[in-house]
Protein chains: 2
Amino acid sequence: MEQTRLLNDIEKDCSKILFAIQDALDLISGKWKIKVISVLLYGKKNFTDLQRQIDGLGSKMLSKDLQELEINGLITRTVNATKPITVTYELTEYGYTMEPIIQVLADWGTEHRHKITGR
Amino acid sequence: MEQTRLLNDIEKDCSKILFAIQDALDLISGKWKIKVISVLLYGKKNFTDLQRQIDGLGSKMLSKDLQELEINGLITRTVNATKPITVTYELTEYGYTMEPIIQVLADWGTEHRHKITGR
DNA sequence: GATATGGGTTTCCCTTAGTATAGTGGGTTC
DNA sequence: GAACCCACTATACTAAGGGAAACCCATATC
């Protein structure tokens with residue numbers, strides 16, 4: 001009885017983190033969004049520079065993902081009145097709160113590569 | 001010149017974390033793998049319990065993802081000689097190294113939900 | 001001997017995420 | 001005035017990921 005109750009509590013905990021994870025993934029799912037955010041952690045970038053930095057990313061996907069990231073408040077889009085008009089994308093303060101996610105993923109990936117390629 | 005050199009260095013850094021992130025995502029991409037790992041953080045589970053705990057997950061996907069997670073050394077599969085035969089899935093030591101990823105995602109997701117639903 | 005449970009596999013289907021390619025519109029440079 | 005850069009948008013296609021349902025095998029319970 002006591003045991004059962006504890007198990008139920010654990011399952012509730014577990015369900016909660018499952019929902020939380022889904023909430024996070026909803027914003028960054030897809031092949032490119034995390035990478036866009038990662039690049040923007042290094043500073044503001046314009047459209048073409050973003051595309052150049054992320055290998056394989058086409059303009060249609062970049063355009064779509066930037067729109068979605070903006071809608072979700074993670075980045076801002078600024079049109080600059082420069083000679084040829086340029087557009088700058090930049091992480092919002094909220095966007096920067098994703099840094100730990102990027103960091104921990106990158107750390108794990110680095111360790112994993114060491115493990116695979118025989119440290 | 002100095003400035004340019006620094007920029008190049010930054011771009012190399014950036015490329016590195018992009019590759020690292022890709023390495024990590026290769027193992028946990030898809031709709032269900034992170035959730036399977038998350039549930040297993042709470043302890044070993046059998047097939048049916050995993051399926052019950054993760055809403056919407058069908059047996060085909062679960063079966064496929066478990067195989068892939070095992071191949072990548074994140075979980076172990078143990079057949080138990082019980083009355084009706086049961087199979088137990090459990091995180092390996094390596095699998096547990098994913099905990100920080102799950103944790104940081106869950107934390108962010110929780111905060112995000114607070115923000116969206118008007119703290 | 002019918003039904004249930006655990007642990008899957010197989011087949012078929014379908015949507016959607018993503019790719020490739022081309023084009024637009026404004027401005028600048030050669 | 002040709003060609004090139006930036007920032008996209010449009011169109012068209014495709015492949016892979018995933019869902020639903022049926023089926024399989026063993027045990028064992030009614």
Side-chain angles (χ1 to χ4, degrees), chain A residues 7 11 18 21-22 24-40 43-72 74-91, chain B residues 7 11 18 21-22 24-40 43-72 74-91:
Chain A
L7 278 175
E11 293 203 347
L18 252 31
I21 285 173
Q22 188 56 56
L25 291 182
D26 282 345
L27 298 199
I28 56 173
S29 64
K31 202 170 173 180
W32 307 109
K33 290 206 191 87
I34 295 189
K35 292 181 180 174
V36 171
I37 296 171
S38 302
V39 173
L40 290 178
K44 54 176 81 165
K45 292 272 188 303
N46 61 28
F47 193 88
T48 310
D49 287 341
L50 273 172
Q51 208 183 336
R52 271 198 273 260
Q53 188 88 55
I54 304 175
D55 192 49
L57 174 53
S59 56
K60 180 191 147 187
M61 274 300 117
L62 178 54
S63 174
K64 202 205 82 201
D65 284 350
L66 287 170
Q67 280 171 29
E68 292 177 10
L69 291 172
E70 195 191 358
I71 286 172
N72 287 312
L74 298 173
I75 64 171
T76 54
R77 179 182 189 271
T78 313
V79 180
N80 309 115
T82 46
K83 336 84 186 273
I85 199 170
T86 55
V87 179
T88 307
Y89 296 94
E90 191 172 5
L91 287 179
Chain B
L7 277 175
E11 293 202 347
L18 253 29
I21 285 172
Q22 189 57 56
L25 291 183
D26 282 344
L27 299 199
I28 55 173
S29 65
K31 204 170 172 181
W32 306 110
K33 290 206 191 87
I34 296 189
K35 291 181 182 176
V36 171
I37 297 171
S38 303
V39 173
L40 289 178
K44 54 175 80 163
K45 291 271 188 303
N46 62 26
F47 193 90
T48 310
D49 287 341
L50 272 171
Q51 209 182 338
R52 272 198 274 262
Q53 188 88 54
I54 303 175
D55 193 49
L57 173 53
S59 56
K60 175 189 140 185
M61 276 299 119
L62 177 54
S63 173
K64 202 204 82 205
D65 284 350
L66 287 171
Q67 282 171 28
E68 292 178 10
L69 291 173
E70 195 191 357
I71 286 171
N72 287 312
L74 298 173
I75 63 171
T76 54
R77 178 182 191 270
T78 313
V79 180
N80 310 115
T82 45
K83 333 81 183 276
I85 200 170
T86 55
V87 179
T88 307
Y89 295 95
E90 191 172 6
L91 287 179

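Because the structure is a prediction, the values reported are computed rather than measured. Every chain is numbered from 1 and lettered A, B, ... according to where its sequence line falls, protein lines coming before strand lines.
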Report task. Measure distances between side-chain N and O atoms of Thr48(B) and base N and O atoms of dT5(C), and say whether any donor-acceptor pair falls under 3.5 Å. Result -> no

Requested in this report: Report yes or no: is there a donor-acceptor pair, N or O only, under 3.5 Å between the side chain of Lys60(A) and the base of dT9(D)?
Outcome: no

Report task. Classify the nucleic acid contact of Thr86(A) as base, sugar-phosphate or nothing, counting any heavy atom under 4.0 Å across all strands shown. Result -> sugar-phosphate

Requested in this report: Tell me what Gln67(A) touches on the nucleic acid: a base, only sugar-phosphate, or nothing, going by heavy atoms under 4.0 Å.
Outcome: sugar-phosphate

Between [X] and [N], is there a side-chain N or O to OP1/OP2 distance below 4.0 Å?
X        : N      : answer
Arg52(A) : dA7(D) : no
Tyr89(B) : dG6(C) : no
Asn46(B) : dG6(C) : no

Query raised in the report: Are there more than 12 heavy atoms of other residues, nucleotides or ligands under 6.0 Å from atom CG of Asp26(A)?
Result: yes

Report summary line: Heavy-atom nearest nucleotide on DNA chain D taken for Ser59(B) and for Asp49(A); more 5' hit belongs to Asp49(A)

Separation of atom [atom1] in [X] from atom [atom2] in [N], rounded to whole Å:
X        : N       : atom1 : atom2 : result
Lys31(B) : dA16(D) : NZ    : C1'   : 14 Å
Lys64(B) : dG8(C)  : NZ    : P     : 16 Å
Lys35(A) : dA17(C) : NZ    : P     : 17 Å
Asn80(B) : dG7(C)  : CG    : P     : 8 Å
Gln51(B) : dA21(D) : CD    : C1'   : 13 Å
Ile85(A) : dC4(D)  : CD1   : C1'   : 18 Å
Leu57(B) : dG17(D) : CG    : C1'   : 14 Å
Leu66(B) : dG6(C)  : CG    : P     : 16 Å

Query raised in the report: The side chain of Met61(B) lies closest to which of these nucleotides: dG18(D), dA7(D), dG8(C)?
Result: dG18(D)

Report summary line: Ranking dG7(C), dG18(C), dT9(C) by distance to the side chain of Val87(B), first place goes to dG7(C)

Report summary line: Whichever of Pro84(A) and Ser29(A) has the more 5' nearest nucleotide on DNA chain C, that residue is Ser29(A)

Query raised in the report: For Leu62(B) and Leu57(B), which heavy atoms make the closest approach, and how far apart are they?
Result: N-CD1, 3.6 Å

Report summary line: Shortest non-hydrogen pair, Ile75(A) vs Tyr89(A), comes out as CD1-CD2, 4.0 Å

**Report entry** Distance in Å, Thr76(B) OG1 paired with Leu69(B) CG, rounded so as to fall on 0.5 Å steps
**Finding:** 11.5 Å

**Report entry** Residues Asp49(B), Gln53(B); criterion side-chain hydrogen bond (donor to acceptor under 3.5 Å, both in side chains); working and verdict
**Finding:** CA-CA 6 Å; Asp49(B) 287 341; Gln53(B) 188 88 54; over 6 Å; no

